[in-house]
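Predicted model, so just to flag it, every value in this text is computed and none were measured.
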Amino acid sequence: MSSTESPSVPAASSALPRVAPVRVGEGERLRSVALPGVTLSIRSRRPAHEDLPPALYVHGLGGSSQNWSALMAELDGVVHSEAVDLPGFGDSPPPDDGDYSVTGHARAVIRYLDAAGRGPVHLFGNSLGGAVTTRVAAVRPDLVRTLTLVSPALPELRIQRTAAPTALLGVPGVAALFNRLTKGWTAEQRVRGVLGLCYGDPGRVSPEAFQHAVEELERRLQLPYFWDAMARSARGIVNAYTLGGQHGLWRQAERVLAPSLLIYGGRDQLVGFRMAPRAARAFRDSRLLSLPDAGHVAMMEYPDVVATAFRELLADAGEPARSADAAVPGEGS
């Protein structure tokens, strides 16, 4: 494994077009890690203590490691946080083999954890990332200490009507058609649409956060592989929903040994809130947190609540959760 790091301008593949740099929040770092068949961008926070246990966060479809920034800051002093940009998302270039399946994304996460030697980690996943981390926890239990899933994209027999357009992105040609039909849309219009779909209350998004989201989308739209990564990853979710037997996601959820925290939002328009009880039954050692006012990205909407629930998971699992107040002088983030 090789990596390059910059506190302000992240490394990028020389094959990529020149675009604006990815935003790096206060206390964060970005580095690019070259692995066999894939290069991953890793966002991290400097640990408050040398002995903090490691955590890795995996975003959802169309997201990036930035989706976890607020929660990572909340967990300073509790875990040593790193968040990955899945291949083709954020600042990570496409995978060499073009594999955007749930298994392909899980393989990339496993390759990073194996190469970094950070396992077992406290593993977090949202939406697509929830499906990916469920697979990781099932097939490589040695890499996972606890599993926290926020609105995981696990198979539903009847998807919500509001989730149908996202699923349709996986149909060949639909993403390109959508891109042509919405060519006149501004980045602001696109971001408002995404926030309306993902947030229980879009009004919780500050003007500053909205502007950051617009800038990030403008950057991504310049990447020639943006729509391909979206379409192929959406297709990967749909395909994962159809798998049966030991490769089915619900069967793999039953194989997860790690203590698990399941978080569902009552206003989620992409993952049905009604799936929460089934998830609680499937994961053998699970705790369920229902947030009636949250949408699809509770870790962005209510990071303090999610952080508190994670600390409680650690306590229930018998793991000490140190407070940021106990930080060693000079080692704060």
Side-chain angles (χ1 to χ4, degrees), residues 22-23 25 28 43 55-75 81-86 89-90 105 122-134 147-154 156 159-160 162-163 165-167 169 187 190-217 220 230 233-234 237 260-276 279 288-310:
V22 172
R23 181 176 177 274
E28 295 182 342
R43 182 179 303 266
L56 185 71
Y57 306 76
V58 185
H59 63 81
L61 180 67
S64 75
S65 58
Q66 295 184 63
N67 294 165
W68 298 101
S69 290
L71 180 60
M72 289 166 67
E74 288 282 344
L75 292 177
S81 291
E82 290 189 345
V84 61
D85 285 330
L86 290 173
F89 294 93
H105 285 313
H122 295 292
L123 192 59
F124 294 72
N126 168 235
S127 192
L128 165 63
V132 170
T133 53
T134 294
L147 180 64
T148 297
L149 303 178
V150 181
S151 296
L154 299 176
E156 300 182 42
I159 65 170
Q160 299 183 96
T162 47
T166 302
L169 278 178
R190 294 177 187 268
V191 168
R192 287 194 183 94
V194 170
L195 295 179
L197 189 62
C198 291
Y199 274 69
D201 176 11
R204 296 183 64 87
V205 181
S206 69
E208 181 183 29
F210 178 82
Q211 185 56 40
H212 289 159
V214 169
E215 293 169 359
E216 173 60 12
L217 181 58
R220 290 197 207 180
M230 285 286 290
S233 292
I237 296 175
S260 302
L261 171 62
L262 311 173
I263 302 172
Y264 283 79
R267 297 182 179 179
D268 194 332
Q269 299 182 64
L270 295 171
V271 168
F273 185 68
R274 65 182 182 279
M275 302 305 296
L288 176 61
L289 173 62
S290 298
L291 300 177
D293 295 327
H296 191 60
V297 287
M299 74 286 188
M300 300 173 72
E301 300 169 86
Y302 300 97
D304 54 336
V305 177
V306 173
T308 296
F310 175 70

Q) So does R43 pair up with E28, basic N to acidic O under 4.0 Å? A)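 Yes.
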Taking all heavy atoms of [X] and all of [Y], pick out the closest pair and write down the distance.
X: L61; Y: A234; value: CD1-N, 3.9 Å
X: F210; Y: V191; value: CE1-CG1, 3.5 Å
X: G130; Y: P152; value: CA-CB, 4.0 Å
X: V214; Y: A187; value: CG1-CB, 3.8 Å
X: S233; Y: H105; value: OG-NE2, 3.2 Å
X: V84; Y: H59; value: O-CD2, 3.2 Å

For [X] and [Y], indicate whether the former's side chain and the latter's backbone hold a donor-acceptor pair under 3.5 Å.
X: D268; Y: V271; value: yes
X: E82; Y: A55; value: no
X: E216; Y: V22; value: no

Nearest 0.5 Å, please: how far is [atom2] in [Y] from [atom1] in [X]?
X: H212; Y: R23; atom1: NE2; atom2: CZ; result: 4.0 Å
X: R267; Y: Q269; atom1: CZ; atom2: CD; result: 10.5 Å
X: E74; Y: F310; atom1: CD; atom2: CZ; result: 13.0 Å
X: L149; Y: Y264; atom1: CG; atom2: OH; result: 7.5 Å
X: L71; Y: M300; atom1: CG; atom2: CE; result: 11.0 Å
X: L56; Y: L123; atom1: CG; atom2: CG; result: 6.0 Å

(Q) Taking the ring of H296 and the ring of Y199, is the distance between their centroids below 6.0 Å? (A) no
**Q.** side chain to side chain donor-acceptor pair (under 3.5 Å) partners for T148, two or more places apart
**A.**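 Partners of T148 by the side chain to side chain donor-acceptor pair (under 3.5 Å) criterion come out as none, since no residue qualifies.
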Mind checking whether [X] and [Y] have side chains closer than 4.5 Å, heavy atoms only?
X: F273; Y: S290; answer: yes
X: D293; Y: D201; answer: no
X: S151; Y: V297; answer: no
X: L289; Y: L262; answer: no
X: L197; Y: L270; answer: yes
X: T133; Y: L147; answer: yes
X: M299; Y: N67; answer: yes

Q. What residues form a side-chain contact (heavy atoms from CB on, under 4.5 Å) with S64, not counting sequence neighbours?
A. Q66, D85, R220
Q) In terms of ring plane angle, is the pair Y57 and F124 parallel, tilted or perpendicular, where the classes change at 30° and 60°? A) parallel
